[in-house]
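Only this structure's heavy atoms are used, side chains among them; waters, hydrogens and symmetry mates stay out. Counting starts at 1 for both ligands and their atoms, in listed order.
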Amino acid sequence: MKLFVYHTPEAVPPTGPLPDCAIAVDVLRATSTIATALNAGAAGVQAFSDLQNLLDASESWDPNHRIRIGERGGKMVEGFDLGNSPLDCTPDRVKGARIFISTTNGTRALACIQSAKTVLTAAFINRATVVRYLLQQQPETVWIVGSGWEGNFSLEDTGCAGAVVEGVLAAGAVSLDDLAGNDEAVAAVMLYRSFQNDLVSLLKHATHGQRLLGLKLYEDLEYCAQIDALGVLPIQQEPGILVKHEAF
Ligand code: MLT
């Protein structure tokens, strides 16, 4: 198994073979929200890069079993049911519902990898479940793709990618040099190791973490920093639609 880390969707190879498994990471906050919602009983999460496409696709859905999450710049989009705070995805609100989600970067990262054979999402809160999947399934090539911010590097996404690589290393069956598919994977592990005992600080140093603090969303950072908190594995059932993998 070779793990390749790409800091942003723009960095993934534009041509050539797709990976056996592609993992989207958007710690602040889309993949934290997706994990939380599926763990709380949401029936599925459908991701859209475009807000209008989301509205059009969800129009025919029973409003009593539909939740529309729209975020841009960290703020809720007017006319949507929720912004992108994972703390809003409580069981009483999401259980049994189809969630339609569009965010600034995370849903774009998902669109970028949706043709891979297997598509997962990772955040700090469900890192252990993603690692367990990789150790059991042993996909030959794995892309871990950060969402970044409008094409730029994000500390938290690459840090989380490093946490996934570190989790596979901790199983002890392989060395970093054998596991890492590119230099970014090595750098991501080193970044994670620098903050692993204080992930809240990692999120506070991050540009988008500071943006969220400016919006008084400190509780979101604290929540998104809880490593291995949820035993849930979001997996793509069909392009753009994520469900809870029942075996993990
Ligand atoms: C993103 O897609 O960049 C994030 O999910 C934005 C956010 O929810 O703060």
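For a threshold of 3.5 Å applied to N or O pairs, the pair formed by Gly74 and ligand 1 contains no separation below that value. Ligand 1 has an N or O atom lying under 3.5 Å from an N or O atom of Ala30, backbone or side chain. For the pair Thr107 and ligand 1, the shortest N or O to N or O distance does not fall below 3.5 Å.
Atoms of ligand 1 found under 4.0 Å from any heavy atom of Trp149 (numbered from 1 in listed order, with element): 3 (O). Numbered from 1 in the order shown, with element, the atoms of ligand 1 that lie under 4.0 Å from a heavy atom of Leu212 read 9 (O). Residue Gly106 approaches ligand 1 through these ligand atoms, each under 4.0 Å from one of its heavy atoms: 1 (C), 2 (O). Listed by number with element, the atoms of ligand 1 under 4.0 angstrom from any heavy atom of Leu28 are 4 (C), 5 (O), 6 (C), 7 (C), 9 (O).
The protein heavy atom nearest to atom 9 (O) of ligand 1 is His208 NE2, 2.6 Å. Looking from atom 3 (O) of ligand 1 to the surrounding protein, the closest heavy atom is Asn105 ND2, 2.7 Å. Regarding atom 1 (C) of ligand 1, its nearest protein heavy-atom neighbour is Asp26 OD2, 3.0 Å. Scanning the protein heavy atoms around atom 8 (O) of ligand 1, the nearest turns out to be Asn84 ND2, 2.7 Å.
A donor-acceptor contact under 3.5 angstrom links the side chains of Glu71 and Thr104, judged on distance only. Counted by atom type alone, Ser85 and Asp220 present one or more donor-acceptor pairs between their side chains at under 3.5 Å.
For the pair Arg29 and Leu212, the minimum side-chain heavy-atom distance is below 4.5 Å.
Separation of atoms CG (Asp20) and OG1 (Thr141) is listed at 4.0 Å; rounding is to 0.5 Å.
Arg66 places a side-chain N or O within donor-acceptor distance of the main-chain N or O of Trp61, the cut-off being under 3.5 Å. Side-chain atoms of Glu184 never come within 3.5 Å of backbone atoms of His7 as a donor-acceptor pair (strictly under, hydrogens ignored).
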*asked:* Go through it in stages, so that I can follow the logic: the residues are Asp26 and Thr31, the test is side chain to side chain donor-acceptor pair (under 3.5 Å), and I'd like the CA-CA distance, side-chain angles, deciding distance and then a yes or no.
replied: CA-CA 5 Å; Asp26 184 8; Thr31 57; 5.7 Å; no
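Judged by the 6.0 Å distance and 45° axis criteria, Arg211 is positioned over the aromatic ring of Trp149.
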